[in-house]
Amino acid sequence: MNSIAQQLKTRFEKAFTSAFGESYADTDLMLAPAGNPKFGDFQCNAAMSLGKKLGKPPRAIASTIVENLDIADICETPEIAGPGFINLKLKPAYLEAQVSAIAADTRLGISPTQTPQRIAIDFSSPNIAKEMHVGHLRSTIIGDAIARTLEFQGHHVLRINHIGDWGTQFGMLITHLRIVHPEALTTADSLDLGDLVAFYRQAKQRFDTDETFKETARQEVVKLQAGAEDTRRAWKLLCDQSRREFQVIYDLLDIKLTERGESFYNPLLPAVVADLTELGLLVESDGAKCVFVEGFTNFEGEPLPLIVQKTDGGYNYATTDLAAIRYRIQQDNAKRLIYVTDSGQSNHFAQVFAVARKANWIPEDVEIIHIPFGLVCGEDGKRLKTRSGDAVRLQDLLDEAIVRTRQDLEDRLKAEERQETAEFINNVSRTVGLSAVKYADLSQNRASNYVFSYDKMLALQGNTAPYMLYAYVRVQGIRRKGEIDFDNLDAGATVILQSDAELVLAKHLLQFNEIVNAVGGDLLPNRICQYLFELSQKFNQFFEQCPVLKAEEPLRTSRLILCDLTARTLKLGLGLLGIQVLERM
């Protein structure tokens, strides 16, 4: 089902062709929602831009457009204002028909894409032998929200977890563990992950200060790459232990991923270097093999190379990322590659993409995008850290959100003198707490830093998950109180839009398909958050101004349809963000 804006666009394009000829069919219509409701619902401002081109006064051009415009079934008679603005007001009868149509559709009028693609999204990407921390939060939930939206649109999405499971760090860690805790290399889970992290830090310190240790660690990496049985077994034990710990977080957040770590691409790295050599793109610089791409310079303004093979013959992140691009295009047949990482990696990916393009590894029909995001900050506006200066463990952050939600809920139950089961309290605390964390992040423009505040994200008012969830719960309260079966409302009932509150709510409900399709294009999940926030506000105004259960028929059923459609829109929209709804709170 086309959006209202799309339907109007089609009618205006026909009007421009009829009025000015085929050469004006692609004219910028300058058609947008009206900035002020008193001017109507939409406004076309194209007449002003056509004045010089046609050699006529804009107001006369606007009159010609209106004369050729066939929208009587959608809008009231268009009005021309000022120097040539065309103001449009939607007909209530048209809105009623549109609302009835999406209410009868399980997808709420959002048709699957007619051009489904295979899309690879690279997100989350923690490192083995390290705990997931607050820095992994944004990549994980932004990537998941984008994946859910694209999947809903009908695309085939590859959710790739490019974990750090290869390289020098394993040589360091295995060498250190052979000395201080050899059982960890032969026995599963002989260490807690927290202890493993501590040993990793010790290994890194020794690697940086002890030349003998550094050489031994490098030899351990060589053994790992060569497939030495004891080193490989130790590596696999460490990976399995970290993987299980990661899965606890993913299960808690309801995140689905397919793991493809750096080790997956390791066999493909020599071919990357060989192909770049054959193409004549590799240049030796200080013993390393590099590619220079125009436009990349260091702080001194000198050309900045992308190193693809180090002086010791080893590979690095860039080599792996180049191999991953080739694999995702050639083997996965992905037509859109999306990388969700922090903005600090923007230059790295820009360079990698530039090298891949220079090597002609990215066909013209493939889109490759880096989705950068800002920092999670504390109340001081700086990167969120613990008092000791370490990154906040993601598990601790999520647990704290659940604990605080439980306390708020128990205080509210006590004040209301309500008795609820332990199961109810546990479910609501977990759902609301995790939803609040997700929503607080996703409601920001992903490119910006944001301040992490439990008080703000758990507030029952404002642009927060609890506010959205309460709007949904309010509809379920109507259902229970009136003993309503929303699935079996009168199939022949019509939607009646009489009051301003009903019209405002209906118009907003009809915009949801535009929002979802916009997010599928620009990959900004905060658009969905803003839409849902405004929907909740408009529904609450409707609820306060328009009696539902006490209304006379056929108005009662019409308003029940609006309530149910609001709840279904909230549920779908929150679901695209990875947030579950509740029947009661």
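The structure presented is a predicted model; accordingly, all values stated were derived computationally and were not measured.
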Side-chain H-bond candidate by donor/acceptor type, [X] with [Y], under 3.5 Å:
| X | Y | value |
| --- | --- | --- |
| Asp321 | His348 | yes |
| Asp411 | Gln407 | yes |
| Ser429 | Asn426 | no |
| Gln395 | Asp399 | yes |
| Gln345 | Asp342 | yes |

Looking at Tyr339 versus Phe353, is the centre-to-centre ring distance below 6.0 Å?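 Here the rings of Phe353 and Tyr339 have centres that are less than 6.0 Å from each other.
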Can we call the ring centroids of Phe452 and Tyr454 under 6.0 Å apart? yes
For the pair Leu577 and Arg148, evaluate side chain to side chain contact (heavy atoms under 4.5 Å, CB included) and give the outcome as yes or no after the intermediate values. CA-CA 7 Å; Leu577 301 175; Arg148 287 173 184 265; over 6 Å; no
Testing the basics here: between [X] and [Y], what is the closest heavy-atom pair and its distance to 0.1 Å?
| X | Y | answer |
| --- | --- | --- |
| Thr149 | Val519 | CG2-CG1, 4.0 Å |
| Gly378 | Leu384 | CA-CD1, 3.6 Å |
| Glu131 | His136 | O-CE1, 4.2 Å |
| Pro126 | Asn161 | CD-OD1, 3.4 Å |

So among Tyr265, Trp235, Tyr315, which one has a ring pair (Phe, Tyr, Trp, His ring centres under 6.0 Å) with Trp166? Trp235
Under a 4.0 Å threshold between the charged nitrogen and the carboxylate oxygen, would [Y] count as salt-bridged to [X]?
| X | Y | value |
| --- | --- | --- |
| Lys223 | Glu220 | yes |
| Lys256 | Glu151 | no |
| Lys438 | Asp254 | no |
| Asp122 | Arg260 | no |
| Arg404 | Asp408 | no |

Does the plane of the ring in Phe207 sit parallel, tilted or perpendicular to the ring in Phe213? Use 30° and 60° as the thresholds.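 Ring orientation of Phe207 relative to Phe213: perpendicular.
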Within a 6.0 Å radius of atom [atom1] on [X], are there more than 12 heavy atoms belonging to other residues, nucleotides or ligands?
| X | atom1 | value |
| --- | --- | --- |
| Lys310 | NZ | yes |
| Leu253 | CG | yes |
| Asp286 | CG | no |
| Glu300 | CD | yes |

Trp361 and Asp275, any side-chain heavy atoms less than 4.5 Å apart: yes
Using the salt bridge (Lys or Arg N to Asp or Glu O under 4.0 Å) rule, take Asp240 and Arg244 through it: C-alpha gap first, then chi angles, then the decisive distance, then the call. CA-CA 6 Å; Asp240 287 346; Arg244 285 192 294 273; 5.1 Å; no
List for me each residue that meets ring-ring contact (aromatic ring centres under 6.0 Å, His included) alongside Tyr200, sequence neighbours excluded, and say none if there are none.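 Expected list: none.
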